[in-house]
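First the structure, in the form of structure tokens, and then the observations on it.
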Amino acid sequence: MEELAKAYNPHEVEDRIYKDWEAKKYFHADPDPAKKPYSIVIPPPNITGILHMGHALNDTIQDILIRFKRMQGFKAEWMPGTDHAGIATQNVVERKLAKDNIKRQDLGREKFVEEVWKWREEYGSTIIRQLKKLGCSCDWDRTRFTMDDGLSDAVLEVFSRLYEKGLIYRGNYIINWCPRCQTALSDEESQHKDVDGALYYIKYPIKGQVARVKGQGKKDGEEDFVIVATTRPETMLGDVAIAINPKDKRYKDLKGRTVLLPILNRELKIIQDGLVDLKFGTGALKVTPAHDPVDFELGRKYGLDEINVMNDDATINGIGGDYEGMDRFEAREAIIEDLKERGLFVKSEPHRHAVGHCYRCHTMIEPRLSPQWFVRMKPLAEPAIEAVKKGKIKFYPARWTKVYLEWMNNIRDWCISRQIWWGHRIPVYYCKNCGKDTVEGQGAGAKAQGIIVSKIRPEKCPVCGGVDIEQDPDVLDTWFSSWLWPFSTFGWPKETPELKYFYPTDSLVTAQEIIFFWVARMIMAGIEFRGDIPFRNVYIHGTVRDITGTKMSKSLGNVIDPLDMIEKYGTDALRFSIISITAQGQDVFLSEGKFELGRNFANKIWNASRFILMNLKPEDVSADLCVFFEKMSLSLPEKWILSRFYTTLSYVTGCLDEYKFNEAANAIYEFLWHEFCDWYIEIAKADIGSKQSQVILYKILEKSLRMLHPFMPFITEEIWQKLPRDKDSRGDSIMIQAWPHLQKQMISEDAEEKMSDIIEIITAIRNIRSVWNIEPQRAIKASINIHGADEEKFLSENSTIIKRLARLETLEIGKIKKPKNAALSVVGKLEVYVPLEGLIDLEKEKARIMKEASRIEAEISSIVKRLKNDSFVSKAPKEVVEKQASYKAELEIQIKKIKQNLKDLGA
RNA sequence: GGGCAAGUAGCUCAGUUGGUUAGAGCAUUCGGCUUACAUCCGAAAGGUCACAGGUUCAAGUCCUGUCUUGCCCACCA
């Protein structure tokens, strides 16, 4: 019999085992009509990423699910891969080039993209290697990348289809512009953060006839003006109007007048619209259609000019006159200074407001008018809303359903074009002959002349035959490829066997941050392009935070690196710890010490297994447990541990089906450590060589390892490999064994109740020993006073166990009076006496018992009160009333005994 | 401004559908190298379940309100 090493060394074990699994293709799944499929797609990490705790949690959950389902007999497919992360990756490579003083413009588009591919070859699979270290059993043979040929095909296909349907259009709209990345962003990529800014009050002179405006009327020597409040004075360079609310009495006289834009002296119209908030600022709004969404709307409504005053890098352009070339914030200061000089600056007051920031570089977003490509979302959203409402897709926890629906009901068009080079180039070509300028002013949904949508570069224009054709320089949002992930990875648009077999997938496991980015869009894409939902269940787990509740991030320096933890504690420890402290859908507050939980548990399992293996006789353990269970007459602890195992198994299986991973993990922990190790193994030590002990120890260990395997894959495999087993079992790895089959006939409430009495008795005696400071070596006597014959039987049968574990010299069981100078403990219906001649402080013991007595008396009185209540007796379920009554009877016996004892003590 | 989540032992958190004495890990105290494990074993102490009402025979659990914290969403310039 092969023995286990003295101590478990995860580092020695993990790589070896993982390589073995990989070599034997255990992770790979092909369609198999004889089996049911179970598939998960990985939320593709981006290629610039490195494994952080969020991944560790996310991927551990998925690995638990997929291993569990694989063991349950499903054809389990976990599709892995990465996404190309357009902006992030381009930034990384640009930074790298900058070290050699090279700009991407120096290289040109083609060379630069080549550089990115090179970078990706070298570093892009870091995260994949790290997932392997985590033990993830992904089907690496199918690893996909969003820029792979197949997935790129899917992107082009989808773009054409949507364009043909009129769901993709190009137009000049206000978008979120990141001046640092110099690209448009979608609304989701603009993250609102509160910023301490200021509200600046500026005077706009009124042209011509004097206007009397309440509170701002003309004083002697002053010009007439209207005061406007703004947070971004620099955008005034693009002002084309002043808007007021038609209901605003203050500005009655302003109607029909013209206002002069300070500094530039442009004439501004006065427009009236209900959109203007009477209460904000002065109630007068400067209208800058090219730089603000509300103003843009007003502009289109009233046919105003749209004057863009900024360059791509948010410096002021030629329109800004003297301010040309200044950065937006620099221009702000300069303009304020100039206004002050001209006496047109009223005041500024502190103003806290939410401002969009680039989700990649955190630069402040500039709302800006720009020609971009959009997807009309409403038609796509409708069926996706239905699918969730009808329960075809379920969220766990369910509360996310509301969040999803809320967003989907208010969905806005998706800006999908990005002014970067790394990504899927937009498959649109412009025929210069037919007229490129048709782009301007074109409405949503309209197809424009001169636009050719084609997967490959057309030779000539299909309309005019012209050859002067140019491709759109922009690329698509990375999410425009990610949203196809659940089917593009299986070969769509080709109808592959994998696609047919594994789609729709079963579970999607992800973090709340990307419900809008990814989950919602996948649902829309799945239904639109594949005609079916992409997954049935969405499990949203919490965010990993540090111990103060702050989200872990590299810039804050509060990260706990999972790879460091693996190095320090082992992969299984990391996995088990993070799972057991993560309640369903709740955020996780992490500190390094929490990984000791998993490490200690691994150590415990290792040692228990080592002990069992040291004592195991392989020839004795090949029995079939069910047959064995029927034929042998088992002792109470044996029945008990079998019952406990199957109770736990049933519970764990249920938890995994409901995505309650922490509860499953904790149930296994509790069972293995505090029931199997603390009690059963200790009890079994007495006759460990017996056939019965051998079989039970072996079977429980082997089955428990299988139950634990999804959580702690490495240590369970390592131990399992050392167990004696039949050669012709399913294979040579625990990961392809069956999930233990539930044997309901072995669950026995009676055994569990009786055994818990035994445990309580032993604990009570140990307690007395501890209270009275009796050395552990010292043998003591004890007696148990019983009331029924049934009790006598099972207590006598197990008296050797009680004696050994409580370290008793003798144990008397029967109708026994309290011996003199004995300590008392009440266990259920029983009294346990430990005579301690000369060791007890009578007064102290009296106090101890009296405390116990008052507790019980209080309880009795509350039960009596309840039982006297007619409503309770008539309305509560019968078994609750019965339980109360019998519990009361039990307590009354206890209190009687205790009082007797107190009398004996002279109270 | 809207929404969501949370407030339970010194700390971090569990607590199924309301039903006997509210649990765990860490920390604390006491005692132990008992032939697997000191990453261990045994024992103890520690809680008006944020607050106020309500529903109910019965509330940590359901409802309403209040307070505190965190998160998400949002075109008040």
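The chains referred to below are lettered A, B, ... by the order of the sequence lines, with proteins before strands, and numbering in each begins at 1.
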Assess R412(A) against W407(A): is NZ or CZ under 6.0 Å from the centre of the six-membered ring, and within 45 degrees of the ring's axis?
->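 No - R412(A) does not lie over the ring of W407(A) by the 6.0 Å and 45° rule.
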Does NZ or CZ of K685(A) come closer than 6.0 Å to the centre of the six-membered ring of Y680(A), within 45° of the ring's axis?
->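 Relative to the ring axis of Y680(A), which defines the angle, K685(A) lies outside at least one limit.
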Could you check whether [X] gets within reach of a base, just the sugar-phosphate, or nothing at all, counting any heavy atom under 4.0 Å?
{"X": "K6(A)", "value": "sugar-phosphate"}
{"X": "I581(A)", "value": "nothing"}
{"X": "E879(A)", "value": "nothing"}
{"X": "E297(A)", "value": "nothing"}
{"X": "E682(A)", "value": "base"}
{"X": "F516(A)", "value": "sugar-phosphate"}
{"X": "S874(A)", "value": "nothing"}
{"X": "A7(A)", "value": "nothing"}
{"X": "D678(A)", "value": "sugar-phosphate"}
{"X": "R599(A)", "value": "base"}
{"X": "V873(A)", "value": "nothing"}

Can you tell which of [options] lies closest to the side chain of [X]?
{"X": "K402(A)", "options": "A14(B), C41(B), G3(B)", "result": "G3(B)"}
{"X": "W673(A)", "options": "C40(B), C30(B), A74(B)", "result": "C40(B)"}
{"X": "Y651(A)", "options": "U16(B), G42(B), A77(B)", "result": "U16(B)"}
{"X": "N767(A)", "options": "A77(B), C75(B), A44(B)", "result": "A44(B)"}
{"X": "R766(A)", "options": "A74(B), A36(B), A43(B)", "result": "A43(B)"}
{"X": "S770(A)", "options": "A43(B), A77(B), A36(B)", "result": "A43(B)"}
{"X": "T230(A)", "options": "A77(B), C40(B), U12(B)", "result": "A77(B)"}
{"X": "A608(A)", "options": "A77(B), A74(B), A36(B)", "result": "A36(B)"}
{"X": "N603(A)", "options": "U39(B), A77(B), C75(B)", "result": "U39(B)"}

In the strands shown, is C75(B) matched to any nucleotide by a Watson-Crick or G-U wobble pair with both distances under 3.5 Å, and which?
->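 WC or wobble partner does not exist here.
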Pairing nucleotide - C62(B), Watson-Crick or G-U, each distance under 3.5 Å |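 Checking every strand shown, C62(B) finds its partner in G54(B), with both distances under 3.5 Å.
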State whether the distance check finds a donor on one side and an acceptor on the other, under 3.5 Å, for side chain K685(A) versus base A36(B).
->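 Side chain to base: pair present.
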Spacing of [X] atom [atom1] relative to [N] atom [atom2], expressed in whole Å:
{"X": "L275(A)", "N": "A77(B)", "atom1": "CG", "atom2": "C1'", "answer": "11 Å"}
{"X": "W407(A)", "N": "A74(B)", "atom1": "CH2", "atom2": "P", "answer": "9 Å"}
{"X": "F280(A)", "N": "C75(B)", "atom1": "CZ", "atom2": "C1'", "answer": "12 Å"}
{"X": "R399(A)", "N": "C71(B)", "atom1": "CZ", "atom2": "P", "answer": "15 Å"}
{"X": "Q586(A)", "N": "C71(B)", "atom1": "CD", "atom2": "P", "answer": "15 Å"}
{"X": "E596(A)", "N": "U12(B)", "atom1": "CD", "atom2": "C1'", "answer": "14 Å"}
{"X": "I174(A)", "N": "A77(B)", "atom1": "CD1", "atom2": "P", "answer": "15 Å"}
{"X": "Q191(A)", "N": "C71(B)", "atom1": "CD", "atom2": "P", "answer": "13 Å"}

Using the [atom1] atom in both, what is the distance from [N] to [M], to the nearest Å?
{"N": "A52(B)", "M": "U48(B)", "atom1": "C1'", "answer": "14 Å"}
{"N": "U20(B)", "M": "G65(B)", "atom1": "P", "answer": "29 Å"}
{"N": "G70(B)", "M": "A59(B)", "atom1": "P", "answer": "33 Å"}
{"N": "A24(B)", "M": "C41(B)", "atom1": "P", "answer": "15 Å"}
{"N": "C62(B)", "M": "G15(B)", "atom1": "P", "answer": "12 Å"}
{"N": "G7(B)", "M": "U61(B)", "atom1": "C1'", "answer": "15 Å"}
{"N": "U66(B)", "M": "C72(B)", "atom1": "P", "answer": "24 Å"}
{"N": "U68(B)", "M": "U29(B)", "atom1": "P", "answer": "37 Å"}

Is [X] atom [atom1] crowded by more than 12 heavy atoms from other residues, nucleotides or ligands, each under 6.0 Å away?
{"X": "E809(A)", "atom1": "CD", "value": "yes"}
{"X": "E406(A)", "atom1": "CD", "value": "no"}
{"X": "K883(A)", "atom1": "NZ", "value": "no"}

Is the closest side-chain donor-acceptor distance between [X] and [Y] under 3.5 Å?
{"X": "S609(A)", "Y": "K722(A)", "answer": "no"}
{"X": "Q191(A)", "Y": "Y359(A)", "answer": "no"}
{"X": "N607(A)", "Y": "Y8(A)", "answer": "no"}
{"X": "K286(A)", "Y": "T288(A)", "answer": "yes"}
{"X": "N245(A)", "Y": "D273(A)", "answer": "no"}

Comparing N666(A) and H674(A) on RNA chain B - which has the more 5′ nearest nucleotide |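 Residue closer to the 5' terminus by nearest nucleotide: N666(A).
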Between G281(A) and S190(A), which has a closest nucleotide on RNA chain B that is more 5'?
->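 That would be S190(A).
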Any protein N or O atoms within reach of nucleotides 19-21 of chain B? Criterion: under 3.5 Å, listing atom names and distances.
unit_1, atom_1, unit_2, atom_2, d
U20(B), O2', Y887(A), OH, 3.4
U21(B), O4, Y887(A), OH, 3.3

Step by step, would you call E892(A) with K888(A) a salt bridge (Lys or Arg N to Asp or Glu O under 4.0 Å)?
-> CA-CA 6 Å; E892(A) 275 168 347; K888(A) 185 192 144 217; 3.7 Å; yes
Check whether any side-chain N or O of H353(A) sits under 4.0 Å from OP1 or OP2 of A77(B), and answer yes or no.
->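 Affirmative; the distance criterion is met.
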